[in-house]
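Single-structure report; data block below.
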Amino acid sequence: MPPPVFRFAPSPNGYLHLGHAYSALLNADLARAGGGRLLLRIEDIDTTRCRPDYEAAIYQDLAWLGIAWEPEVRRQSDHLDLYRDAVAQLTARGLVYPAFESRAEIARLVAARDAVAPWRRDPDGAPLYPGSGKTLSAAERAKLIASGTPYALRLDMDAARALVGELSWSERGEGPAGETGTVAARPDAWGDVVIARKETPTSYHLSVVIDDALQGVTEVVRGADLFWATSVHRLLQVLLDLPTPVYRHHRLLRDAEGRKLSKSSAATGLRELRAAGVSPQQIRSMVGLAPAG
Ligand code: GLU
């Protein structure tokens, strides 16, 4: 049996905090215990928020924690052509369509729908796409594109679902309501998700499935906030003929008020804790992991 392959995949849009430390250390512990490999991926497709100094700080913080990853770090911004190819495949099969509405227009449409009856929200609480991209005529689309109106590409969820049928994944951790074992995927709960954003030729969902496959990742260990995103990942894996890893979603660390940790809070930032004299061993105990053996 080839060794299991784990990955830690932070976004360099802020400094790492205790929640990232927990996720990275858990990946490293599981890789070590299972005789596996640990890879690092920098998820930097959001060029407006990602910064090289945050990326440098990620390497520093992980090294300080005592985490060793394989030297070839994969940076998503180096692979945009690959994502473009996948988008082209989905487009050729009629599974995506351009959506031209601005954020403000989408907010207005949602408010108008909500005024009639509560408009559906996705598992993250964001409203489903309320726009008319899917039903525009070819001529209307061509006109908007020719006029330079920016657009995102969205997955036609109904068409995609009709192609693939029921999906599930193997969960070794736990979902928000204790889901574990074989979990039925519910991609339609997300509506017509964005596959390529207006400003970048990909999206989180698309890049993550392509990279997990290309890096040969067999175990995805990440926070429970991404549990239901796995539904979309399973769908894209089938549409793009990619293998599926097993998943282990872990508990999220909370601050004293019970809120999810944020990249801007100094109280839980790894750099701040290090500067205050906290040791990597103390970080392990703060996040609830046993001392390193
Ligand atoms: N880049 C994502 C984040 O920092 C993690 C993605 C994943 O593990 O699938 O939240």
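One-based numbering, in listed order, for ligands and for the atoms of each.
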Between side-chain atoms of residues 269-278 and protein atoms elsewhere (two or more places apart, or another chain), which donor-acceptor pairs fall under 3.5 Å?
{"from": "R274", "atom 1": "NH1", "to": "D61", "atom 2": "OD1", "distance (Å)": "2.8"}
{"from": "R274", "atom 1": "NH2", "to": "D61", "atom 2": "OD1", "distance (Å)": "3.4"}

**Request:** Could I get the full list of ring pair (Phe, Tyr, Trp, His ring centres under 6.0 Å) partners for Y15, not counting sequence neighbours?
**Result:** Y54
**Request:** Check the side chains of H249 and E174 for a donor-acceptor pair under 3.5 angstrom, ignoring hydrogens and angles.
**Result:** no
**Complete:** The residue among R41, R74, E72 that forms side-chain hydrogen bond (donor to acceptor under 3.5 Å, both in side chains) with Q215 is R41
**Prompt:** Would R32 count as a cation-pi partner of F6, with NZ or CZ less than 6.0 Å from the six-membered ring centre and within 45° of the ring normal?
**Reply:** no
**Prompt:** At a 4.0 angstrom heavy-atom cut-off, what protein residues surround ligand 1?
**Reply:** R7, A9, P10, S11, E43, Y204, V208, R222, L226
**Message:** Can you list everything that forms a side chain to side chain donor-acceptor pair (under 3.5 Å) with R37? Sequence neighbours excluded, please.
**Reply:** E70
